There are 2 protein chains.
Amino acid sequence: MLTSVATTRGIVSNRTDGARGFVPSARHTSFLGLTGIPLHFERGAEIVAEEDPAEHIYQVVSGTARTCKLLCNGRRQIGAFLMAGDYFGMEARDTHCFAVEAITDLHVVMVSRSAAFAAAGRDTAVARSLWDITARSLDACQQHALLLGRKTAVEKIGSFLSEMAERQGSDDEIDLPMSRQDIADYLGLTIETVSRTMTQLESAGTIALPTSRHVVIKRPHELERLSLC
Amino acid sequence: MLTSVATTRGIVSNRTDGARGFVPSARHTSFLGLTGIPLHFERGAEIVAEEDPAEHIYQVVSGTARTCKLLCNGRRQIGAFLMAGDYFGMEARDTHCFAVEAITDLHVVMVSRSAAFAAAGRDTAVARSLWDITARSLDACQQHALLLGRKTAVEKIGSFLSEMAERQGSDDEIDLPMSRQDIADYLGLTIETVSRTMTQLESAGTIALPTSRHVVIKRPHELERLSLC
DNA sequence: CGGATACTTGACAAAGTTCAATCGCAGTGG
DNA sequence: CCACTGCGATTGAACTTTGTCAAGTATCCG
């Protein structure tokens with residue numbers, strides 16, 4: 001379900017992911033030992049729909065996306081926020097079991113699933129890196145399950161803010177690309193509880209909220225304590 | 001952290017896992033194209049501890065195990081119940097990020113992680129199957145995250161019972177090898193809520209509980225409705 | 001039979017949700 | 001430039017669900 005078109009602009013990685021770093025180029029981008037196709041999506045666009053055939057593997061170049069699963073009565077669970085360097089589309093089955101949507105303007109590179117598997121068959125390093133990406137996603141998902149099942153609202157928000165700070169490489173300032181509703185659906189809370197808990201952390205002096213999308217961490221130690229325990 | 005000893009008894013698979021079926025033998029068992037070592041653990045034994053170095057990959061031959069993560073105040077999240085045919089120990093990092101404990105007497109086969117990766121390097125099919133196992137775990141974990149984040153107590157219990165029925169290949173009778181506490185920690189509930197919800201489903205005529213560990217599904221359709229929506 | 005363990009039940013408390021109203025800010029048009 | 005509009009975020013109050021604590025029952029096993 002590709003509704004956007006590929007841009008012709010060069011793409012610059014703003015984060016290298018260990019051994020799997022990728023190099024900017026004019027039209028194509030190296031990715032899993034293959035020539036990936038750069039694509040651009042607008043804020044709100046759907047890159048992958050739930051139940052779509054799983055034909056491609058993607059890496060985020062810039063921007064943020066969310067993976068969503070839906071339940072009846074409009075209940076939604078966001079599995080992960082995908083940022084520069086993150087991969088998605090590696091499915092065990094032939095169809096995607098969640099949708100992927102652009103939260104901001106989004107640049108990705110795409111390779112076909114069959115080409116990736118073929119490359120993995122030829123090149124052991126590619127196979128290993130394909131496994132590594134999947135295993136890392138699994139690790140993140142298991143960590144997230146612990147949060148969803150056993151943490152309180154404050155601990156969830158604390159963990160979330162710590163995670164975002166770490167992923168943005170900043171110790172004390174975070175720009176949140178996602179709405180309160182997205183945060184709520186990621187943490188298994190309601191938008192109101194997210195809002196209230198943020199205010200509560202602000203009142204306690206743990207964070208400051210110059211704007212609703214910009215968080216300043218005043219007491220990182222306090223946040224760590226919340227997220228770890 | 002292997003506290004039990006390997007048995008010398010032959011091991012019989014009571015479930016083949018698609019293309020990755022494994023064949024019983026007197027002492028060693030084929031597993032990911034390697035010769036696996038059969039091990040036996042007693043009920044309650046810890047096969048893997050949290051933060052243990054990840055040196056082996058396992059497949060369950062018979063019995064049931066649980067994967068656990070711990071938080072402070074004794075809060076626990078069970079990530080999965082592992083039954084015959086299931087794999088565990090495939091970690092992205094060098095240490096296990098959860099413990100694995102035997103719920104019943106447990107037979108597993110074990111191969112060393114490095115041997116598995118070496119085999120994957122030599123044999124494309126092994127590499128693919130290693131990826132497949134990991135991707136399947138990821139899929140299950142994402143499904144479980146949806147349950148933990150967005151389902152009510154009844155829906156959680158409904159989903160759990162449906163899952164168990166399916167895994168036991170039975171449409172209407174389930175033997176639960178795990179305690180109410182295990183179920184609670186799997187579903188992100190308390191033991192009391194699990195108990196109450198089971199009774200509630202029994203009163204509604206959806207299930208019967210001849211004993212606390214044996215569930216008869218009287219209205220499978222009703223359970224489906226709960227778990228899907 | 002006695003003791004331990006697991007499960008169930010009840011009464012109450014707390015955390016989080018729901019519903020509704022309000023605020024604040026960016027964008028738009030007069 | 002300022003009022004108006006729309007949307008996201010915040011706040012309040014009532015309510016629900018689930019958790020907590022405590023007691024009671026069932027079951028297993030020596």
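In what follows, chains are A, B, ... by sequence order, proteins preceding strands, each numbered from 1. All values reported here derive from a predicted model rather than from experimental measurement.
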Just to be sure I understand the rule, does Ser212(A) reach a base, reach only the sugar-phosphate, or reach nothing, if contact means heavy atoms closer than 4.0 Å?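 Result for Ser212(A) = sugar-phosphate.
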
Answer with base, sugar-phosphate or nothing: what part of the nucleic acid does Ser179(B) contact at a heavy-atom distance below 4.0 Å?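 Result for Ser179(B) = sugar-phosphate.
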
Residues Asp185(A) and Lys69(A) bridged, charged N to O under 4.0 Å: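 Salt bridge flag = no for Lys69(A) with Asp185(A).
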
Check whether any side-chain heavy atom of Leu223(B) sits under 4.5 Å from a side-chain heavy atom of Arg219(B), and report yes or no.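 Contact flag for Leu223(B)/Arg219(B) side chains = no.
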
Determine whether Leu226(B) and Leu161(B) make a side-chain contact, defined as any pair of heavy atoms from C-beta on separated by less than 4.5 Å.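 No. Closest side-chain heavy atoms not under 4.5 Å.
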
What is the separation between atom [atom1] on [X] and atom [atom2] on [N], rounded to the nearest whole Å?
X         : N       : atom1 : atom2 : answer
Asp182(A) : dC7(D)  : CG    : C1'   : 14 Å
Leu176(A) : dG8(D)  : CG    : P     : 16 Å
Asp185(A) : dG16(C) : CG    : P     : 16 Å
Gln200(A) : dT10(D) : CD    : C1'   : 14 Å
Leu201(B) : dT9(C)  : CG    : C1'   : 16 Å
Met198(B) : dA6(C)  : CE    : C1'   : 13 Å
Arg75(A)  : dT18(C) : CZ    : P     : 9 Å
His214(B) : dA6(C)  : NE2   : C1'   : 18 Å

Quick check, are the ring centers of His107(B) and Phe41(B) under 6.0 angstrom apart?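 Ring centres of Phe41(B) and His107(B) not closer than 6.0 Å.
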
With ring centroids as reference points, do Phe88(B) and Phe98(B) lie under 6.0 angstrom apart?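 Ring-ring flag for Phe88(B)/Phe98(B): false, centres at least 6.0 Å apart.
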
Where protein sits on nucleotides 14-30 of chain D, one letter per nucleotide: B base, S sugar-phosphate only, - none, heavy atoms under 4.0 Å: ----SSBB---------

Nearest to the side chain of Thr199(B), which nucleotide is it out of dC7(C), dA9(D), dT9(C)?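 Of the candidates, dT9(C) comes closest.
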
So if I apply the ring pair (Phe, Tyr, Trp, His ring centres under 6.0 Å) rule between His144(B) and each of Tyr186(B), Phe160(B), Phe81(B), which one comes out positive?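 Between His144(B) and the candidates, ring pair (Phe, Tyr, Trp, His ring centres under 6.0 Å) is satisfied uniquely by Tyr186(B).
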
Within the structure, does a side-chain N or O atom of Arg213(B) lie under 4.0 Å from either OP1 or OP2 of dC7(C)?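 Yes, within the criterion.
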
Examine the side chains of Asp52(A) and His96(A) and answer whether a donor and an acceptor come within less than 3.5 Å of each other.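 Result is no, nothing qualifies.
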
